[in-house]
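Written out below as structure tokens is the structure these notes cover.
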Amino acid sequence: MDSAFNTAGALGWHELTTHNTEEAMRFYGEVFGWQFRTVKMPHGQYHLIENQGLGIGGITDNLIPSLPSHWTGYVTVADVDLVAINAKKLGGDILFGPEDIPKVGRFCWIKDPQGAIIAAISYLSA
């Protein structure tokens, strides 16, 4: 069975960028019973969200301090660089990336012409 991590167009990862990761983990841990595992990433610590042992998302420091804390969905794509080019052609902005995530894949954040933010990600082959 295919998963959201290998199905193009699927929304498979959810990430909270926030100005207070510790407070966010405390809140969501209590509300949903999530556990967290912290890993080191190029931009600092990243807190993997685990639900019943499965990774479902992450919490990280806000990469764009002027933005309020927010959730971003990650859509699986075959070629994140091509998606970024197409998004720009269609009037969107690339807020971050495309950039590699070590041992994970390549991603970018896209702001659509109406101002909504979503991310695209190409995962490394398993």
Side-chain angles (χ1 to χ4, degrees):
M1 177 159 76
D2 287 335
S3 78
F5 297 113
N6 60 19
T7 302
L11 188 61
W13 191 257
H14 302 279
E15 182 175 83
L16 173 62
T17 57
T18 181
H19 299 289
N20 189 329
T21 57
E22 293 300 320
E23 185 177 310
M25 287 188 295
R26 217 173 4 263
F27 176 82
Y28 289 107
E30 287 292 321
V31 170
F32 298 119
W34 292 343
Q35 289 81 45
F36 304 92
R37 184 167 46 92
T38 302
V39 296
K40 178 81 171 113
M41 298 297 279
H43 295 94
Q45 291 186 330
Y46 191 83
H47 310 283
L48 296 167
I49 301 168
E50 294 182 342
N51 185 52
Q52 300 180 16
L54 296 175
I56 61 168
I59 297 177
T60 189
D61 289 321
N62 205 328
L63 299 175
I64 305 171
S66 62
L67 287 177
S69 295
H70 62 280
W71 284 95
T72 303
Y74 280 69
V75 176
T76 302
V77 299
D79 184 338
V80 87
D81 294 281
L82 182 58
V83 166
I85 291 166
N86 288 339
K88 289 281 290 179
K89 283 181 187 175
L90 294 168
D93 289 320
I94 304 305
L95 298 179
F96 194 83
E99 184 172 298
D100 292 331
I101 304 170
K103 301 179 183 176
V104 175
R106 189 165 174 78
F107 80 106
C108 70
W109 283 5
I110 300 165
K111 183 165 105 177
D112 74 18
Q114 292 76 39
I117 298 171
I118 196 160
I121 188 164
S122 298
Y123 292 99
L124 296 174
S125 298

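Residue numbers count from 1 along this sequence. Heavy atoms only: backbone and side chains are in, while hydrogens, waters and symmetry mates are out.
Linking ILVMFWY residues whenever their side-chain heavy atoms come closer than 4.5 Å, directly or via other members, places I117 and I101 in the same cluster. V31 and W71 fall within the same hydrophobic cluster, where Ile, Leu, Val, Met, Phe, Trp and Tyr residues are linked whenever their side-chain heavy atoms come under 4.5 Å apart, directly or through other members. At a threshold of 4.5 Å between side-chain heavy atoms, the hydrophobic network of Ile, Leu, Val, Met, Phe, Trp and Tyr places V83 and I94 in one connected group. Criterion: ILVMFWY side-chain heavy atoms under 4.5 Å apart, direct or through other members. Under it, I121 and L95 are part of a common hydrophobic cluster.
Classified by interplanar angle (parallel below 30°, tilted 30° to 60°, perpendicular above 60°), the ring pair Y28/F32 is parallel. The aromatic rings of W13 and Y46 lie parallel to each other, with less than 30° between the two planes, well short of the 60° mark.
None of T18, T17, N62 except one satisfies the side-chain hydrogen bond (donor to acceptor under 3.5 Å, both in side chains) rule with H70; the exception is T17. Partner of L16 under the side chain to side chain contact (heavy atoms under 4.5 Å, CB included) criterion, chosen from T60, T21, I59, I49: I59. Of the residues E22, M25, R26, the one that meets the side chain to side chain contact (heavy atoms under 4.5 Å, CB included) test with F36 is M25.
Residues satisfying the side chain to side chain donor-acceptor pair (under 3.5 Å) criterion with D100, sequence neighbours excluded, are R106. The side chain to side chain donor-acceptor pair (under 3.5 Å) test applied to D61 returns no partner, not counting sequence neighbours.
For G73 against I118, the heavy-atom pair with the smallest separation is O-CG1, 3.3 Å.
At most 12 non-hydrogen atoms from other residues, nucleotides or ligands lie less than 6.0 angstrom from CD of E23. The environment of K89 atom NZ is sparse: at most 12 non-hydrogen atoms of other residues, nucleotides or ligands sit within 6.0 angstrom.
Residue I85 is found outside any hydrophobic cluster, as its side-chain heavy atoms come under 4.5 Å of no other Ile, Leu, Val, Met, Phe, Trp or Tyr.
Contact check for F27 versus W34: no side-chain heavy atoms found under the 4.5 Å cut-off.
Here L48 contributes atom CG and M41 contributes atom CE; the two are 8.0 Å apart, rounded to the nearest 0.5 Å.
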